[in-house]
Amino acid sequence: SHLSGIIWQIENKYLITEIKSGLIIVDQHVAHERILYESAKSAINGNGMASQTVLFPQTLQFQPDEFSSLLNIIPYLEKIGFKLRAFGESSIIIEGIPVDVSWGSEKEVISEILESYIENSTLDASFLDHIAATYACKAAVKAGDSLNNEERRHLIDKLFATSHPYYCPHGRPIIINLSVADL
């Protein structure tokens, strides 16, 4: 690992740690977003992600035209860890959600992805990117979440293992690097 010493968490928002050349400041939310985005992208192109079965399946009701669009994207939602079953004329039952998505935001994730699909009505690469980015945004730790030492280290290690550790999927910077000279 790049990390020698202590990782401080400032305002439950930024992680600060020393590297050979100076200090790095990491925005924990966008860092986690980048990690989840890359794992979702590889899940969509590969074998999919783990799902957690929910205790009380939830039924979501749609307009008939929305519903037919939804049926087209169910396979992609399943790739990122949803378990969905069509029910009746225009409902789905949510039986499982992605491991990283907190129960309560699953409806938002599905609606947002569906809306975007209806707007673009194409399953091209940029739409698949959008699925991954929406999932990542909703599942990432928020600013204000307290992380213990192990979680901080894990987050930074995982961040440096991604292909683009410096920018989030929306182009916001994740890391500020302060060299010894800057200091």
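For clarity, every value in this text was computed on a predicted model and none was experimentally measured.
- Counting heavy atoms from C-beta on, the side chains of T17 and I6 never come closer than 4.5 Å.
- Nearest approach of C137 to H29, heavy atoms of both residues: O-CE1, 3.7 Å.
- At distances below 3.5 Å, at least one donor-acceptor pair connects side-chain atoms of K79 with backbone N or O atoms of G46.
- Smallest separation of non-hydrogen atoms from I19 and N177: CD1-OD1, 3.9 Å.
- N120 places no side-chain N or O within donor-acceptor distance of the main-chain N or O of T122, the cut-off being under 3.5 Å.
- The heavy-atom pair separating I80 from A40 by the smallest distance is CG2-CB, 4.2 Å.
- In this structure, SG on C168 lies 6.0 Å from CD1 on I174, to the nearest 0.5 angstrom.
- Under a hydrophobic clustering in which Ile, Leu, Val, Met, Phe, Trp and Tyr are joined whenever their side-chain heavy atoms come within less than 4.5 Å, directly or via other members, L178 and I10 fall into the same cluster.
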Audit row: Y14, D27, side-chain hydrogen bond (donor to acceptor under 3.5 Å, both in side chains) steps and yes/no: CA-CA 5 Å; Y14 300 104; D27 179 318; 4.7 Å; no
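- Follow the hydrophobic side-chain contacts under 4.5 Å out from I176 and you never reach V180; the two are in separate clusters.
- Using a 4.5 Å cut-off on side-chain heavy atoms (C-beta onward), L36 and Y135 make contact.
- When side chains are defined from C-beta on, S126 counts as touching D124, because their heavy atoms get closer than 4.5 Å.
- Atom CG of N47 is surrounded by 12 or fewer heavy atoms from other residues, nucleotides or ligands within 6.0 Å.
- Atom NZ of K142 sits in a crowded spot, with more than 12 heavy atoms from other residues, nucleotides or ligands closer than 6.0 Å.
- Taking all atoms of both residues into account, the shortest heavy-atom contact from Y117 to N72 is OH-ND2, 3.0 Å.
- Of the inter-residue distances, the one linking I97 atom CD1 with L84 atom CG reads 11.0 Å to the nearest 0.5 angstrom.
- Rounding to the nearest 0.5 Å places CG of L77 at 11.5 Å from OG of S51.
- Nearest heavy atom pair, residue E106 against residue F82, reads CB-CE2, 3.7 Å.
- Under the 4.5 Å side-chain heavy-atom criterion for Ile, Leu, Val, Met, Phe, Trp and Tyr, I73 and Y37 are members of distinct hydrophobic clusters.
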Given side-chain contact (heavy atoms from CB on, under 4.5 Å), test I24 with I16 step by step and report yes or no. CA-CA 6 Å; I24 54 169; I16 298 187; over 6 Å; no
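- L159 approaches I35 most closely through the heavy-atom pair N-CD1, 3.6 Å.
- Under the 3.5 Å distance criterion, the side-chain polar atoms of S90 are left unmatched by any main-chain donor or acceptor of F67.
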Show, in sequence, the C-alpha distance, side-chain angles and deciding distance for D145 and N12, and conclude whether the side-chain contact (heavy atoms from CB on, under 4.5 Å) test is met. CA-CA 6 Å; D145 290 349; N12 287 347; over 6 Å; no
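- Using a distance-only test at 3.5 Å, with no hydrogens or angles considered, no donor-acceptor pair links the side chain of S111 to the main chain of E108.
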One pair to check against side-chain contact (heavy atoms from CB on, under 4.5 Å): L70 and L60. What are the steps and the verdict? CA-CA 11 Å; L70 180 69; L60 291 187; over 6 Å; no
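- The line from CG of L114 to CG of L71 is 10.0 Å long, rounded to the nearest 0.5 Å.
- Under the 4.5 Å side-chain heavy-atom criterion for grouping Ile, Leu, Val, Met, Phe, Trp and Tyr, I110 is not connected to F87 through any hydrophobic cluster.
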For side-chain contact (heavy atoms from CB on, under 4.5 Å), just list the numbers for I92 and T59, CA-CA rounded to whole Å, side-chain angles, deciding distance to a tenth of an Å, and then say yes or no. CA-CA 6 Å; I92 53 164; T59 305; over 6 Å; no
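- Electrostatic pairing of E95 and R85 counts as a salt bridge here, judged by a charged N lying under 4.0 Å from a carboxylate O.
- Using modelled atom types, one side-chain atom of Q52 and one backbone atom of V99 make a donor-acceptor pair closer than 3.5 Å.
- Rounded to the nearest 0.5 Å, atoms CG (L155) and CZ (R153) are 12.0 Å apart.
- Judged purely by atom type and a 3.5 angstrom limit, Q28 has no side-chain atom pairing as donor or acceptor with the backbone of Q9.
- Judged by distance alone, with hydrogens and angles left aside, the side-chain atoms of D182 form a donor-acceptor pair with the main-chain N or O of S179 at under 3.5 Å.
- No continuous path of hydrophobic side-chain contacts links V101 to I93 [ILVMFWY only; heavy atoms under 4.5 Å].
- At least one side-chain heavy atom of R152 sits under 4.5 Å from a side-chain heavy atom of N149.
- Using cut-offs of 30° and 60° on the angle between ring planes, the pair F160 and Y166 is perpendicular.
- The only member of E38, R34, K41 that meets side-chain hydrogen bond (donor to acceptor under 3.5 Å, both in side chains) when paired with S163 is E38.
- Residue K138 places its NZ atom among more than 12 non-hydrogen atoms of other residues, nucleotides or ligands, all under 6.0 Å distant.
- Using modelled atom types, no side-chain atom of E115 and backbone atom of E112 make a donor-acceptor pair closer than 3.5 Å.
- Under a 3.5 Å cut-off, the side chain of H32 and the backbone N or O of V141 do form a donor-acceptor pair.
- One distance of note links OG of S146 with CD of E151; it measures 8.0 Å at 0.5 Å rounding.
- In this structure, S91 contributes its side chain and G88 its backbone to no donor-acceptor pair below 3.5 Å.
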